[in-house]
Amino acid sequence: MRPSDTIDSTREARRAAVIAVVRAIPPGVVLGYGEVARRAGLPRHARLVAKVLGTADDPSLPWHRVLRSDGRIALPAGSAGAREQARRLRAEGVDVVAGRVRQRPAVDTLDGALWAPAE
DNA sequence: ACGATGACAATGC
DNA sequence: TGCATTGCCATCG
């Protein structure tokens with residue numbers, strides 16, 4: 001490996017951390033960007049999470065389970081991505097109405113709370 | 001180095 | 001609920 005890679009890896013490491021967290025989200029569960037950032041050990045990096053998901057090319061990544069903190073789909077309403085996301089969520093049993101999820105992304109729900117520990 | 005940008009979040013009205 | 005404002009922070013030109 002080139003020495004420059006070791007230094008650049010800070011960026012890669014964060015990206016990897018975010019990817020790992022997103023991949024760990026179980027079906028039917030949704031999290032906010034800020035939450036994901038937290039779980040990735042990067043508090044206040046919600047926007048970075050967005051960037052990562054946007055540039056991630058891994059098709060097996062369940063990026064559709066990441067929403068805004070208010071339960072809204074982050075992608076522009078009507079856009080191909082937004083429709084795709086809503087479609088996938090419903091396929092997992094998540095209620096999506098008008099680009100919004102009928103479930104609190106917050107760790108308010110029992111499922112979310114129980115999911116918190118571990119690792 | 002500097003300002004603009006963005007799949008964000010919290011707060012206030 | 002919706003919209004505007006402010007704060008945050010990595011990226012990019």
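Convention: sequence-line order gives letters A, B, ...; per-chain numbering from 1. Heavy-atom basis, side chains included; hydrogens, waters and symmetry copies ignored.
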Using a cut-off of 4.0 Å on non-hydrogen atoms, how would the nucleic acid contact of [X] be classed: base, sugar-phosphate, or nothing?
X	value
Gly54(A)	base
Arg100(A)	sugar-phosphate
Arg47(A)	base

Whole Å only: how far is the [atom1] atom of [X] from the [atom2] atom of [N]?
X	N	atom1	atom2	result
Lys51(A)	dA4(B)	NZ	P	16 Å
Arg88(A)	dA7(B)	CZ	P	18 Å
Leu53(A)	dA7(B)	CG	C1'	7 Å
Leu75(A)	dG6(B)	CG	P	14 Å
Leu31(A)	dA7(B)	CG	P	20 Å
Trp63(A)	dC8(B)	CH2	P	13 Å
Ile73(A)	dC8(B)	CD1	P	12 Å
Arg83(A)	dA7(B)	CZ	C1'	16 Å

* **Distance, nearest 0.5 Å, that separates CZ of Arg14(A) from CD1 of Ile19(A)** =>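 Answer for the CZ-CD1 pair, Arg14(A) versus Ile19(A), is 14.5 Å.
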
* Asked: Closest approach of Ala82(A) and Pro76(A), non-hydrogen atoms and distance?
  ->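 Minimum heavy-atom separation between Ala82(A) and Pro76(A): CB-O, 3.3 Å.
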
* Asked: Which nucleotide span of DNA chain C, 5' end to 3' end, has atoms closer than 4.0 Å to non-hydrogen atoms of chain A?
  ->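 Both ends considered, the range comes out as dT1(C) to dT11(C).
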
* Asked: Between the main-chain N or O of Arg72(A) and the side-chain N or O of Arg100(A), is there a donor-acceptor pair closer than 3.5 Å?
  ->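 Not at all, since once roles are kept as given, no pair shorter than 3.5 Å links the two residues.
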
* Asked: Ion pair present between Glu92(A) and Arg88(A), side-chain N to carboxylate O less than 4.0 angstrom?
  ->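 So Glu92(A) does not pair with Arg88(A) through a salt bridge.
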
* Determine, for Asp58(A) against Arg23(A), whether the closest basic-nitrogen to carboxylate-oxygen distance falls under 4.0 angstrom. => yes

* Considering the options Leu31(A), Val22(A), Val21(A), which one meets the side chain to side chain contact (heavy atoms under 4.5 Å, CB included) requirement together with Val66(A)? ->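 One option only clears the test, and that one is Val22(A).
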
* Can you tell if the side chain of Val94(A) reaches within under 4.5 Å of the side chain of Arg90(A), non-hydrogen atoms only? ->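 The answer is no, as the side chains (C-beta and beyond) never meet within the 4.5 Å cut-off.
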
